[in-house]
Protein chains: 2
Amino acid sequence: MARRISERADLLPVLGEIFRDHGFEAASLSVIGARTGLGKGSLYHFFPGGKEEMAKAVLDEIDRWFENEVFRPLREGGNAAADIEAMLVAVDGYFRSGHRICLVGALALADSRERFAAQIAGYFAAWQEALAGALARAGRADPDGLAEEVLALIQGGLVLARARDEADIFTRLLARLLARLRLKLRPASH
Amino acid sequence: MARRISERADLLPVLGEIFRDHGFEAASLSVIGARTGLGKGSLYHFFPGGKEEMAKAVLDEIDRWFENEVFRPLREGGNAAADIEAMLVAVDGYFRSGHRICLVGALALADSRERFAAQIAGYFAAWQEALAGALARAGRADPDGLAEEVLALIQGGLVLARARDEADIFTRLLARLLARLRLKLRPASH
DNA sequence: TAAAGACTTAACCGATCGGTACAGAAAAGG
DNA sequence: CCTTTTCTGTACCGATCGGTTAAGTCTTTA
C-alpha cells in the first residue's frame with residue numbers, strides 16, 4: 001500500500017496560478033501538464049474528474065485559506081477595529097498588492113461561472129457576513145451595506161489594477177479604505 | 001457595386017452579448033454562428049480578421065458609446081454634480097441594474113487580456129479622467145482618488161452581483177454611492 | 001438586362017481539445 | 001526478497017477548434 005504524502009495538495013497552488021493566468025476554459029490540459037510537470041496520466045490519477053475537479057479543489061483550498069486567515073479572525077477576534085485592519089493586511093498580502101487577481105471573482109465573470117456557482121457565491125457570502133459582524137461589533141450603522149461596499153472595492157480594485165496594468169491602484173484603494181474605516185471606527189484616535 | 005447598409009454595425013451588439021456570455025476564448029465560431037444566424041463565410045466576410053477583429057470592433061463600439069453617453073457629458077457638462085448623477089443613471093442603464101457585466105472588465109481578468117490591453121486600459125483611463133475632471137469642478141479634494149474609487153465600486157459591484165447572482169447588490173451599491181457623492185458635492189442641499 | 005461586386009453556403013484543413021486505455025516504472029509493505 | 005499499490009509516459013480516441021477555399025446566389029448599378 002504505497003502511500004505518498006499527498007502531492008495532490010502541493011499541486012493546488014500551481015493549479016491556482018494556472019487558472020488565474022488562463023481562466024478555466026483556456027487552461028488546457030497541455031498547459032497544465034507543462035506547468036505542473038505532470039503528464040495526463042498523473043493528472044487524472046490525482047484528479048479523476050479532470051479539469052473540473054482540479055478547479056473545485058483549488059476553490060476549496062481558497063475557501064479554506066480565507067476561512068482560516070480572514071473569516072474566522074473577523075468572527076472571533078476581540079478588537080473589531082483591529083480585526084478589520086488585519087483583514088486588509090491579509091488581503092493585501094494574498095493579492096500581492098494588486099499583482100494577483102481573485103480567481104473566484106474572475107470565474108464569476110467567465111462562462112464557467114455556472115459550473116462553480118455555489119462555491120463562488122458561498123465565498124463572497126461568507127466574507128461579507130464575517131465582515132459585517134465585525135463592523136457591527138465596532139458599532140457601525142448598516143454593517144451589511146458597508147461590508148458589501150468593502151468587498152466591491154476590493155474586487156473592483158483588482159479589476160482596475162489588472163485592466164490598467166498598474167498594481168498601485170489596488171494599494172491606493174486599500175489605503176483610502178483603511179483611512180475611511182479608521183475614521184468611522186475610531187473617530188477620536190487619529 | 002452592391003452596397004448593403006452596413007449590417008456589420010448591427011452585428012456588434014449581438015457579438016457583445018456573446019462575448020459577455022462566454023468570454024473571448026470560449027466564444028467559438030460555432031456559437032457565434034448560431035447566435036448571429038450567420039455562417040463562417042459571412043462572418044469572415046464582415047470580419048476578415050476573425051474573432052479578434054470581432055472583439056476589437058465590439059470594444060471600439062463600447063468606447064464610442066461611453067465616449068458619447070458618459071465621458072463627453074462629464075467633460076463638457078455644466079453642473080458637475082448633475083453630470084455625475086447623470087453618469088450613474090447612464091451606468092445603471094447600461095449594465096441593466098446589475099444584470100449585465102462589463103465586457104471590458106471581464107476581458108481584463110481573462111487570459112485574452114494582453115490581446116486587448118491597450119483598449120482595456122484606455123477605456124478605464126478615459127473614464128477616470130473624465131470623472132475626475134467633473135469631481136474637481138465640483139470642488140472635491142483628491143478628485144483622481146475619488147474617481148478611482150467610484151470606478152472600482154462599479155466594477156466590483158458587477159463582479160459581486162454576478163458572483164452571488166443577485167443584481168440588487170449593484171443597485172444598492174450605486175444608491176450608497178449616490179448618497180455619498182451628494183453629501184460631498186452639495187452638503188447643504190439634502 | 002447584363003456585368004460586378006456583396007454576400008452565403010458547405011465542404012474541408014491541420015491542430016488541438018478533454019478524456020481514456022494500458023503497459024510499465026517506482027515505491028512501499030510483508 | 002516479492003507482491004501490491006501508487007504513480008507515470010505514451011499512444012490513441014472522437015469532437016471541436018479557428019480558419020480557408022471555392023462555387024455559388026443574391027442585389028445593385030449602369
Side-chain angles (χ1 to χ4, degrees), chain A residues 1-59 103 106-107 110-116 119, chain B residues 1-59 103 106-107 110-116 119:
Chain A
M1 324 149 179
R3 189 177 353 132
R4 280 282 167 78
I5 28 162
S6 129
E7 312 221 25
R8 200 187 118 120
D10 304 339
L11 240 35
L12 296 181
V14 186
L15 290 173
E17 291 309 314
I18 295 172
F19 287 129
R20 259 178 270 266
D21 287 350
H22 298 277
F24 178 75
E25 305 288 346
S28 68
L29 285 180
S30 67
V31 337
I32 294 174
R35 286 190 44 178
T36 59
L38 265 50
K40 288 185 182 185
S42 309
L43 290 171
Y44 271 85
H45 173 72
F46 289 118
F47 305 95
K51 280 212 301 176
E52 178 154 347
E53 186 174 342
M54 297 180 205
K56 283 200 150 75
V58 168
L59 288 176
L103 177 58
L107 286 181
D111 78 321
S112 36
R113 199 208 86 195
E114 296 180 14
R115 218 190 287 239
F116 311 109
Q119 281 170 288
Chain B
M1 322 144 184
R3 189 177 354 133
R4 279 281 168 78
I5 28 163
S6 131
E7 313 221 24
R8 199 185 120 119
D10 303 339
L11 240 34
L12 296 181
V14 186
L15 290 173
E17 291 309 314
I18 296 172
F19 287 129
R20 260 178 270 264
D21 287 351
H22 297 277
F24 178 75
E25 306 287 346
S28 69
L29 285 180
S30 68
V31 337
I32 295 174
R35 286 189 44 179
T36 58
L38 265 50
K40 289 184 182 184
S42 309
L43 290 171
Y44 271 84
H45 172 72
F46 289 117
F47 304 95
K51 280 211 301 176
E52 178 154 348
E53 185 173 343
M54 298 180 205
K56 282 200 151 76
V58 168
L59 287 176
L103 176 59
L107 286 181
D111 78 322
S112 35
R113 199 208 85 195
E114 296 180 14
R115 217 189 288 240
F116 310 110
Q119 280 170 289

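The model shown is predicted, which means the values in this text are computed figures rather than measured ones. Chain naming here is simple, since letters A, B, ... match the order of the sequence lines and numbering starts at 1 in each.
- Backbone-only contact: Gly39(A) has heavy atoms under 4.0 Å from sugar-phosphate atoms and none from a base.
- When the nucleotides dT20(D), dT6(D), dC7(C) are ranked by their closest atom to the side chain of Tyr44(B), dT20(D) comes out on top.
- Distance, Asp10(B) CG to dC7(C) P: 12 Å, rounded to whole Å.
- The ring pair (Phe, Tyr, Trp, His ring centres under 6.0 Å) search around Phe24(B) returns Phe19(B), Phe116(B), not counting sequence neighbours.
- Among all heavy-atom pairs drawn from Ala26(B) and Glu25(A), the shortest one is CB-CG, 4.1 Å.
- The shortest side-chain heavy-atom distance between Leu107(B) and Gln119(B) does not fall under the 4.5 Å cut-off.
- Distance check: Arg35(B) CZ to Ile18(B) CD1 gives 5.0 Å after rounding to the nearest 0.5 Å.
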Polar atoms only, N or O, under 3.5 Å: list the protein pairs with nucleotides 13-15 of chain C and their distances.
none

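- Taking every heavy atom of both residues into account, Leu103(B) and Gly16(B) meet most closely at CD2-O, 4.4 Å.
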Atom pairs and distances, side-chain donor-acceptor, residues 40-49 of chain A, under 3.5 Å, sequence neighbours left out:
none

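- With sequence neighbours left out, the side-chain contact (heavy atoms from CB on, under 4.5 Å) criterion links Ala110(A) to Ser112(A).
- Within residues 19-34 of chain B, the residues having any heavy atom under 4.0 Å from DNA chain D are, by residue number, Ala27(B), Ser28(B), Leu29(B), Ser30(B).
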Polar atoms only, N or O, under 3.5 Å: list the protein pairs with nucleotides 23-25 of chain D and their distances.
none

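- With sequence neighbours left out, the side-chain contact (heavy atoms from CB on, under 4.5 Å) criterion links Ser30(A) to Ser28(A).
- When rounded to the nearest whole Å, the span between CZ of Arg8(B) and P of dC7(C) equals 12 Å.
- The nearest pair of heavy atoms linking Asp111(B) to Asp21(A) is CB-O, 3.2 Å.
- With a 3.5 Å limit on both pairing distances and Watson-Crick or G-U wobble geometry required, the stems of 3 or more pairs in DNA chain C span C:1-24 with D:7-30, C:26-28 with D:3-5.
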For side-chain contact (heavy atoms from CB on, under 4.5 Å), just list the numbers for Leu11(A) and Leu38(A), CA-CA rounded to whole Å, side-chain angles, deciding distance to a tenth of an Å, and then say yes or no.
-> CA-CA 10 Å; Leu11(A) 240 35; Leu38(A) 265 50; 3.8 Å; yes

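- Nucleotide dT8(C) holds its P atom 12 Å from the CZ atom of Phe47(B), rounded to whole Å.
- Closest approach of Leu12(B) to Ala57(B), counting heavy atoms only: CD2-CB, 3.7 Å.
- Near DNA chain D, meaning a heavy atom under 4.0 Å away, the residues from residues 50-58 of chain B are Gly50(B), Lys51(B).
- Rounded to a whole Å, the CG atom of Leu43(A) is 11 Å from the P atom of dG19(C).
- Regarding His45(B), its NE2 atom lies at a distance of 16 Å from the P atom of dC26(D), rounded to whole Å.
- Residues meeting the salt bridge (charged side-chain N to carboxylate O under 4.0 Å, His left out) test with Arg113(A), sequence neighbours left out: none.
- Residues satisfying the salt bridge (charged side-chain N to carboxylate O under 4.0 Å, His left out) test with Glu17(B), not counting sequence neighbours, are Arg20(B), Arg100(B).
- Contact of the Glu7(A) side chain with the Thr36(A) side chain is not registered, since no non-hydrogen atoms from C-beta on lie closer than 4.5 Å.
- Here the CD1-NZ distance, from Ile32(B) to Lys51(B), works out to 6.0 Å after rounding to the nearest 0.5 Å.
- Partners of Glu52(B) according to the salt bridge (charged side-chain N to carboxylate O under 4.0 Å, His left out) rule, which considers only residues two or more places apart in sequence or in another chain, are Lys56(B), Arg115(B).
- With rounding to whole Å, Phe46(B) atom CZ is found 14 Å from dT9(C) atom C1'.
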